[in-house]
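Residue numbers start from 1 in every chain, and the chains themselves are labelled A, B, ... in the order their sequence lines are given, proteins ahead of strands.
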2 protein chains.
Amino acid sequence: MSVAQTLDSNTATPTPPARSAGSGSRTHKIWSNMHDVCNLLRIPSGTFVGDDDQHFQHVQFKAGQRIHTAGQPFDMLYIVNCGFLKSVMIDEFGNEQILSFPMKGDLFGIDGIHTKKYTSEAVALSSCDIILIPFAKFAALGRTNPVLETALYGLMSRELIREQGMITMLGSLTVEARVARFLVSLSERFSAIGYSGKAFNLPMTRREIGNYLGVTLETASRTLSAFNELGLISVDQRSIYIHDINALKTLRRLPPSRARIEQQEKKAAAAAASSSEFIQVAPSAAMREQLAVV
Amino acid sequence: MSVAQTLDSNTATPTPPARSAGSGSRTHKIWSNMHDVCNLLRIPSGTFVGDDDQHFQHVQFKAGQRIHTAGQPFDMLYIVNCGFLKSVMIDEFGNEQILSFPMKGDLFGIDGIHTKKYTSEAVALSSCDIILIPFAKFAALGRTNPVLETALYGLMSRELIREQGMITMLGSLTVEARVARFLVSLSERFSAIGYSGKAFNLPMTRREIGNYLGVTLETASRTLSAFNELGLISVDQRSIYIHDINALKTLRRLPPSRARIEQQEKKAAAAAASSSEFIQVAPSAAMREQLAVV
DNA sequence: CGTTCGGTTGAATGTTATCAATCGCGGTGG
DNA sequence: CCACCGCGATTGATAACATTCAACCGAACG
């Protein structure tokens, strides 16, 4: 049930200066070429004519470190080679809003292009290996390489669509549906990068989940517990096991709380009646039928 | 108090086929050159070397007509020359979410770049004059013209940032703050395109406002009424007059409903005591002080 | 002149935030 | 080694809030 990712504690080094290229003790500094980068980004890569002498630097970050901060001059895009991060926007009132959780293969830093300053900050949630992509260099390559240019426009457009989906989620889905969708999305992304899509550890806290989904940490926690009760998932602290991903995909809202309470009372009564019997491990199909999928 | 924009009824011609270039009776078909386009988009325009033979076609739409629909093959970007529209995303459950209200100078259709199909649809809220920008042509021009290329990346990045702001708004602001921000944003955009920022008509219905802000139409209506009560704005149907834009800018939440009710009772009592007196036209400063700006 | 649509408002209901208490784990320091 | 934090997570009780259902009004349109 446990999973590949090992998370450093978030308590270490709250906010060290960013971009310290050769900082760590053993800096397994690596360089990636264009081919690696295209593979990571899932760009057709195709035939790069003689551009293979282009190299891009890797940098390591520990949990809690910032890759870039809001307002910092923009010159780089970043690609995650491994590890987990959060991208956070801070509005004029100081409200923090998590915009995404970049992981392997994800590009971030795009928001800096317009004003030449990053408008968000990126923070490592675990140990991370990040590839630096100087934007000017990348754009120049695109000018002579139509495939790359198209890919770059496509990546920006894709990010735009992702955010539109985020807006739609926040604007029109119930909390349950948002949490369900969040789990499905994580599952699919883990699968895509070679981890298990059924059993994984959450790289983020309940507070971060809640912030991302536009609710409080308590509501996020309760919703996960509710899914657990219904047998859709098993959750224990950070570890998740997904039992019924289809239910999560189609879930729109949980049965009204009154019905849920009655359901629980029934369960409690049944448990009391047969007190010496097995604990119900896998929840009944009947309970799952309670899901409204209107 | 009424304003320049005149709105056609939304009832006319629900969904006629899009892109009928020479449809209307008097087709005031115009062509724009690169210079006009750059002015509209607020691109430095600068010195376009001999590219001034590039021309872009205008098309007119009436209220209710679609400019493009979700799933339609992508080949164009669109720039609003005049009129008001809404951009709507429809998710897999059929939920509609309004993503933006494009108006003069705004670019839309960017979401089609990635998958070569539009993922959203754009609908005219009033009579509109739209400029067609073939994306391939624009990208090709960018390849030989660094200023234009930078501008195009910048526009996409700007749109990304706008949507991030939208996410932050939906995720972390109260309903009151969202409506306030919506009004401020409209005001600033109207000012930017030469209309009054204090007195204007809303181009959209309460339902559309509510949808955009992630609440029901009733809540949107009530919130506008509350602002009216507090004297921040005057609202009557579609017409808006902004009395205190600073209050709207800094507003985070209204006083708790109990305090508001007591306030109203006080007002009612005062009105009853001096029943034959003037109706209180401009609300008291005391009432406005009730705004929590923590 | 009736019908439809957009808008407003009230009352009841359901949902979420807030406040608070508890638990368990991992680290630190005595 | 163990006691003692501090933090993340869970859960309960209450208050605040938004939605829903419903009624009503007025303007636009056929």
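Atom OH in B/Tyr241 sits 3.5 Å away from atom NZ in B/Lys198 (nearest 0.5 Å).
A/Asn246 is linked by a side-chain contact (heavy atoms from CB on, under 4.5 Å) to A/Asp244, A/Lys249, counting only residues two or more places apart in sequence or in another chain. Residues satisfying the ring-ring contact (aromatic ring centres under 6.0 Å, His included) criterion with A/Tyr212, sequence neighbours excluded, are A/Phe101, A/Phe182.
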For residues 164-172 of chain B, run the donor-acceptor check on the side chains, cut-off 3.5 Å, and write out each pair with its distance to 0.1 Å, sequence neighbours left out.
| residue | atom | partner | partner atom | Å |
| --- | --- | --- | --- | --- |
| B/Gln164 | NE2 | A/Glu163 | OE2 | 3.2 |
| B/Thr168 | OG1 | B/Gln164 | O | 2.9 |
| B/Ser172 | OG | B/Thr168 | O | 2.7 |

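Note that the two end axes of the helix from C/dC1-D/dG30 to C/dG30-D/dC1 enclose an angle of 30°, each drawn from 5 base pairs, rounded to 10 degrees.
When the C1' atom of C/dT9 is taken as reference, atom CG of B/Asn228 falls 14 Å away, rounded to whole Å. Residue A/Arg206 contributes atom CZ, which lies 14 Å from atom C1' of C/dG24 at whole-angstrom precision.
Here A/Thr219 does not reach the OP1 or OP2 of C/dT16: none of its side-chain N or O atoms lies under 4.0 Å away. A sub-4.0 Å separation between OP1 or OP2 of C/dT9 and a side-chain N or O of B/Ser225 is present. Residue B/Ser221 places at least one side-chain N or O closer than 4.0 Å to OP1 or OP2 of C/dT8.
Of all the residues in residues 90-100 of chain B, not one reaches under 4.0 Å from DNA chain C with any non-hydrogen atom.
Taking the six-membered ring where the residue is Trp, B/Phe190 and B/Tyr195 present perpendicular rings, their angle passing 60° and hence far from 30°.
Among the nucleotides C/dA17, D/dT10, D/dA18, the one closest to the side chain of B/Glu176 is D/dA18.
Each of B/Leu224 and A/Gln237 was assigned the nucleotide of DNA chain C with the nearest heavy atom; the assignment lying further toward the 5' end belongs to B/Leu224.
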What does the list of N/O pairs under 3.5 Å between the protein and nucleotides 19-22 of chain C look like, with a distance for each?
| residue | atom | partner | partner atom | Å |
| --- | --- | --- | --- | --- |
| C/dC19 | N4 | A/Glu218 | OE2 | 3.2 |

